[in-house]
2 protein chains.
Amino acid sequence: MEELKYHYKYPHPAVTTDCVIFGFDGVRINVLLIQRGVEPYKDAWAFPGGFLKMDETAEEGARRELEEETGLKNVDVEQFYTFSTVDRDPRERVITIAHYALVRMADVRGGDDAANARWFPYNEIPRLAFDHDRILRKAVSVLKERICFKPIGFELLPEVFTMSELQNLYEAILEVKFDRRNFYNKIRKSGLLIEAGKRPANTPLRVPVKYCFNPEKYAELKHKGFKLEF
Amino acid sequence: MEELKYHYKYPHPAVTTDCVIFGFDGVRINVLLIQRGVEPYKDAWAFPGGFLKMDETAEEGARRELEEETGLKNVDVEQFYTFSTVDRDPRERVITIAHYALVRMADVRGGDDAANARWFPYNEIPRLAFDHDRILRKAVSVLKERICFKPIGFELLPEVFTMSELQNLYEAILEVKFDRRNFYNKIRKSGLLIEAGKRPANTPLRVPVKYCFNPEKYAELKHKGFKLEF
DNA sequence: ACAAAAGTGTTAGGCCTACACCCATGA
DNA sequence: TCATGGGTGTAGGCCTAACACTTTTGT
């Protein structure tokens with residue numbers, strides 16, 4: 001029988017955190033899910049997350065659960081919405097503080113605890129547990145807004161990358177197409193990128209130029225804002 | 001002695017909602033505060049808010065508390081952040097889901113329950129209870145961001161208003177000054193405003209033209225976004 | 001040989017910014 | 001009469017959007 005050790009004068013909801021983790025494979029946006037091992041929604045896919053401890057903030061809890069369930073460490077998670085629909089969990093009243101983060105997909109491979117963690121391309125997401133589909137939709141809409149005013153990519157792309165990869169990333173998130181030449185011009189002018197190493201003199205033209213982010217400019221634009229057309 | 005009627009297997013934090021209510025007096029942004037009548041922080045000023053009930057969402061709770069404490073009804077509150085610092089309340093672990101709303105200041109006068117509710121100009125805010133100064137700073141920064149991409153004012157200004165009043169509103173929130181002529185031109189071009197009634201033929205020129213919002217255009221720009229310089 | 005990826009500039013139009021003058025009124 | 005608030009327009013610069021051709025390589 002259950003031991004009910006914690007007593008309050010008024011009823012308290014349970015509080016959880018959830019993490020929507022976005023990755024990019026060069027073509028598509030992916031989302032990291034874990035398969036639930038217990039009821040309710042046993043075997044369904046869900047975001048990493050769990051009950052908040054009494055001595056940790058929401059962000060700390062989100063990072064702890066993320067590491068426990070996927071092996072991902074030191075991820076900058078950012079809170080984006082708190083879901084409080086009364087019956088969103090069949091067990092009891094549960095409020096969840098939802099976070100998102102952008103990570104390099106390679107960083108999650110090798111996670112040992114990640115046995116039942118898997119990346120899903122954004123348009124192949126399976127049916128999710130609880131109200132996690134709603135959480136995902138909100139996360140995507142917040143991400144889309146954010147990307148229009150802050151530079152993005154540093155956390156999602158490998159150290160060095162091509163202009164096309166960066167453009168693919170923007171196009172994948174915003175679900176639009178940009179003119180390749182205008183995209184080049186705009187990014188160049190922003191000063192956000194620097195060429196990563198010199199192309200050897202005899203590099204075939206077909207091999208694209210590799211870039212990396214200019215960290216100072218990146219930080220500056222993240223702070224000041226950065227306009228991208230939509 | 002206290003009756004501890006609610007029992008859980010694991011500890012649960014308490015959950016509250018808070019409302020940062022912004023108003024505009026034609027010149028300055030104001031914030032609605034209530035004076036606490038009980039410990040902790042008795043007599044200190046704080047945002048309207050309180051414990052969430054088990055059968056209401058955060059938004060419902062925020063609206064209920066707002067009405068109970070200030071008489072304001074039917075306000076569109078919007079969640080902006082959840083504060084979860086471990087010791088933010090001396091009584092017990094309390095997490096608060098913070099909301100903000102924009103209202104016409106006139107609507108709060110006449111609130112009967114509003115005996116100890118008062119508007120404070122933004123730069124004359126007294127010392128606040130709990131971590132409410134932090135909540136206020138976050139609310140203001142979210143409001144500033146939002147105002148750059150969505151039209152604003154419908155909820156803050158009277159039915160009809162002058163161009164200067166609208167400009168004052170933007171300047172008060174963003175803490176910047178715009179060139180009057182450029183502001184006029186920009187707003188005109190956006191189609192957001194319509195002239196409210198005809199000026200009588202012999203109106204003195206000194207009396208400014210009154211405008212009201214074009215509701216369709218307002219809704220459209222709210223949805224599509226709207227760029228304002230900073 | 002053909003499709004696919006990459007590199008590169010120009011032009012026209014629109015938007016942003018800065019800026020000046022006039023009128024009416026109330027003090 | 002002077003300070004204040006209100007109304008109005010323009011010119012230059014910058015950014016945006018649309019757009020084409022060439023090279024190379026893999027199939």
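Throughout, a chain's letter reflects where its sequence line sits, starting with A, and its residues are numbered from 1. Atom set for the values below is all heavy atoms of this structure, side chains included, hydrogens, waters and symmetry mates excluded.
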Among residues two or more places apart or on two chains, list those pairs meeting salt bridge (Lys or Arg N to Asp or Glu O under 4.0 Å) that have a residue in residues 149-163 of chain B.
B/Glu155-B/Lys222
Please list all pairs meeting salt bridge (Lys or Arg N to Asp or Glu O under 4.0 Å) that have one or both residues in residues 95-105 of chain A, counting only residues at least two apart or in different chains.
none
When you check the gap from the basic side-chain N to the acidic O, do B/Glu220 and B/Lys217 get nearer than 4.0 Å?
yes
Calculate the interatomic distance between B/Lys189 atom NZ and C/dG13 atom C1'; express it in whole Å.
13 Å
B/Phe183 has an atom CZ; how far is it from atom P of C/dA18, in whole Å?
16 Å
Sequence-distant partners of A/Pro121, side chain to side chain contact (heavy atoms under 4.5 Å, CB included), two or more places apart:
A/Arg28, A/Asn30, A/Asn123, A/Glu124
Rounding to a whole Å, what distance do you find between B/Gln167:CD and D/dG7:P?
11 Å
Partners meeting salt bridge (Lys or Arg N to Asp or Glu O under 4.0 Å) with B/Glu78 (sequence neighbours left out)
B/Arg146
Which protein N or O atoms sit under 3.5 Å from an N or O of nucleotides 8-12 of chain D?
residue	atom	partner	partner atom	Å
D/dT8	OP2	B/Arg188	NH2	2.9

Verify the contact: side-chain N or O of B/Ser164 to OP1 or OP2 of D/dG6, cut-off strictly under 4.0 Å; return yes or no.
yes
Just the rounded figure in Å: distance from C1' of D/dG6 to CZ of B/Phe161.
17 Å
Under the side-chain hydrogen bond (donor to acceptor under 3.5 Å, both in side chains) test, which residues partner B/Arg180, sequence neighbours left out?
none
Report yes if a side-chain nitrogen or oxygen of B/Lys186 is closer than 4.0 Å to either non-bridging phosphate oxygen (OP1 or OP2) of C/dC16; otherwise report no.
yes
Taking CD from B/Glu195 and C1' from D/dG7, how many angstroms apart are they, rounded to a whole number?
12 Å
